[in-house]
Amino acid sequence: MPPTQAARHRPPAFPVALTLALSAMLFAPLNATETDDRIVSAAQSSYVFKTFLIDDAIRTESKDGAVTLTGTVHEDSHKQLAQETVSGLPGVKSVSNMIEVKDSPPAQSDTWLYLKVKGALAYHSSVSAYHTKVDLKQGVVTLTGETASEAQKELTTAYAKDVDGVKDVKNEMTVVANKPTATAALVTMIDDASITAQVRMALLTHRSTSAFKTTVSTTVGVVTVGGAAKNAAEKELVTKLVTDINGVKSVVNNMVVELAAASN
């Protein structure tokens, strides 16, 4: 029997099946291997790994989103910084931190405090850790080098003094007029995972804040903090500290003051 007019004009079945197959491939979620590869790549290309951890030997492996960190770092804070960064990457389900700390100085020693102070300054965009020389003797910090203004000099003193273990700070920095400062373009270069990691490490470094009671998340440079604050002053301080972290565009502070919460 000859084909009908409709049958003669019916599209062949193969192209339809091929179209459906291609659509499924294009819109299918990434397989585990692709996700793991992206996690490893994102870690190695992150701001934290390319700046703070560039001289360390860290290996990152991921299997179905479970990340294992191995290798060596030169100070204990770098081990934690690596973990904080990787934990914030998309697709990461868990992190096993097996990094070894090589030649770490004794806790509370002058060398240990020196590293803490340098780290605290490096996280903040309004001061220059690179142009600030830090000397420590029996817990007393002496700052020298160049600064762009009196306000920056005072802020450098405040950040150094708030590092847990520091007894006093002597700031002998020289104010240099028209000294170049970090450009706003840096903000757009820093990934969210690195911002979150810096915020958490900064809150942990400063004795006036509690990183353990503060939650942190970052979306396109906007940091949201939550959790409990001891008082209104601590909540305000957290906002100020986080606002000054490298890469932060704005801060949403949803922390609840413990005293206020207790009274309710």
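Just so you know, these numbers come straight off a predicted model, no measurement behind them.
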Using a 3.5 Å distance criterion without hydrogens, assess whether the side chain of Thr111 forms a donor-acceptor pair with backbone atoms of Pro105. no

Near-ring test Tyr159/Tyr123, centroid separation under 6.0 angstrom: no

Candidate pair Asn254 and Thr224, rule side-chain contact (heavy atoms from CB on, under 4.5 Å), full reasoning: CA-CA 7 Å; Asn254 294 329; Thr224 300; 3.5 Å; yes

Determine yes or no for a side-chain-to-main-chain donor-acceptor pair under 3.5 angstrom, with Asp168 supplying the side chain and Val140 the backbone. no

Gap separating the OG1 atom of Thr239 from the CD atom of Glu234, nearest 0.5 angstrom: 10.5 Å

State, with a plain yes or no, whether a side-chain heavy atom of Thr209 is found less than 4.5 Å away from one of Leu241. yes

Of the non-hydrogen atoms in Met173 and Glu146, which two are nearest, and what is the gap between them? CE-O, 3.4 Å

Looking at Glu34 and Arg38, is there a salt bridge between them, counting it only when a charged N and a carboxylate O are closer than 4.0 Å? no

Transitive ILVMFWY side-chain link Val251 to Val199, under 4.5 Å: yes

Please assess Leu53 against Leu81 for the test side-chain contact (heavy atoms from CB on, under 4.5 Å), listing each intermediate value before the final yes or no. CA-CA 9 Å; Leu53 308 180; Leu81 183 59; 4.2 Å; yes

About how many Å separate CG of Leu136 and NZ of Lys167, when rounded to the nearest 0.5 Å? 10.5 Å

Between Thr196 and Thr218, does any side-chain donor sit less than 3.5 Å from a side-chain acceptor? yes

Nearest 0.5 Å, what's the OG1-CG distance between Thr132 and Leu121? 6.0 Å

Over 12 foreign heavy atoms within 6.0 Å of CD, Gln44: yes

Flag for Asp191-Ser194: side-chain donor and acceptor within less than 3.5 Å: yes

Residue pair Asp36 / Gly65: nearest heavy atoms and the distance that separates them: OD1-N, 3.0 Å

Can you check whether Val222's main-chain N or O pairs, donor with acceptor, with Thr219's side chain at less than 3.5 Å? no

Please round to the nearest 0.5 Å and tell me the distance separating atom CD1 of Ile245 and atom OG1 of Thr243. 9.0 Å

Would you call Glu172 and Leu143 a side-chain contact if the rule is heavy atoms closer than 4.5 Å? no

Exercise: identify the closest heavy-atom pair between Ile39 and Pro90: CG1-O, 3.7 Å

Ignoring hydrogens and geometry beyond distance, is a side-chain donor-acceptor pair present between Asp76 and Ser104 at under 3.5 Å? no

Do the non-hydrogen side-chain atoms of Met201 and Ser77 ever get within less than 4.5 Å of each other? yes

N/O donor-acceptor pair under 3.5 Å between Asp110 side chain and Gly139 backbone: yes

Does atom CG (Asp55) have a neighbourhood of more than 12 heavy atoms from anything else shown, all under 6.0 Å? no

Checking side-chain contact (heavy atoms from CB on, under 4.5 Å) for the pair Ile99/Thr72: CA distance, chi angles, key distance, verdict? CA-CA 5 Å; Ile99 296 173; Thr72 59; 5.7 Å; no

Transitive ILVMFWY side-chain link Val101 to Ile58, under 4.5 Å: yes

Quick test of your reading of the model: are Arg200 and Glu84 salt-bridged, counting only N-O distances below 4.0 Å? yes

Above 12 or not: heavy atoms from other molecules or residues under 6.0 Å from NZ of Lys118? yes

Roughly how far, to the nearest 0.5 Å, is the NZ atom of Lys93 from the CG atom of Asp64? 6.0 Å

Check the pair Val216, Leu203 against side-chain contact (heavy atoms from CB on, under 4.5 Å), reporting the backbone distance first and the verdict last. CA-CA 10 Å; Val216 182; Leu203 295 178; 4.3 Å; yes

Is Gln198 close to Ile190 at the side-chain level, that is, under 4.5 Å between some pair of heavy atoms? yes

Exactly one candidate in Thr144, Thr142, Thr157 meets side-chain hydrogen bond (donor to acceptor under 3.5 Å, both in side chains) with Asn171; the answer is Thr157

Is it the case that more than 12 heavy atoms not belonging to Glu61 sit under 6.0 Å from its CD atom? no

According to a hydrophobic-cluster definition based on side-chain heavy atoms being under 4.5 Å apart (Ile, Leu, Val, Met, Phe, Trp, Tyr only), do Leu155 and Leu237 belong together? yes

Do Phe49 and Ile54 have side chains that get closer than 4.5 Å, going by heavy atoms? no

Would you say the side chain of Met98 lies within less than 4.5 Å of the side chain of Leu69, judging by non-hydrogen atoms? no

Taking atom types as modelled, is there a side-chain donor on Ser126 or Gln152 under 3.5 Å from an acceptor on the other? no

Quick one: closest heavy-atom pair of Lys153 and Thr147, and the distance? N-OG1, 3.5 Å

Does one side chain, of Ser125 or Asn246, offer a donor that lies under 3.5 Å from an acceptor on the other? no

What one should report as the nearest heavy-atom pair of Pro106 and Trp112 is O-CB, 3.2 Å

Any donor-acceptor pair under 3.5 Å linking the side chain of Ser41 with the backbone of Asp37? no

Student check: side-chain heavy atoms of Arg207 and Val166 closer than 4.5 Å: yes

With rounding to the nearest 0.5 Å, note down the distance linking CG in Leu204 to CD in Gln80. 5.5 Å

Contact summary for Thr205 and Lys116, nearest pair of heavy atoms: CG2-O, 4.0 Å

Going by an N to O cut-off under 4.0 Å, is there a salt bridge joining Lys102 and Glu75? no

Check: Asn97 and Val86 side chains under 4.5 Å, non-hydrogen atoms: no

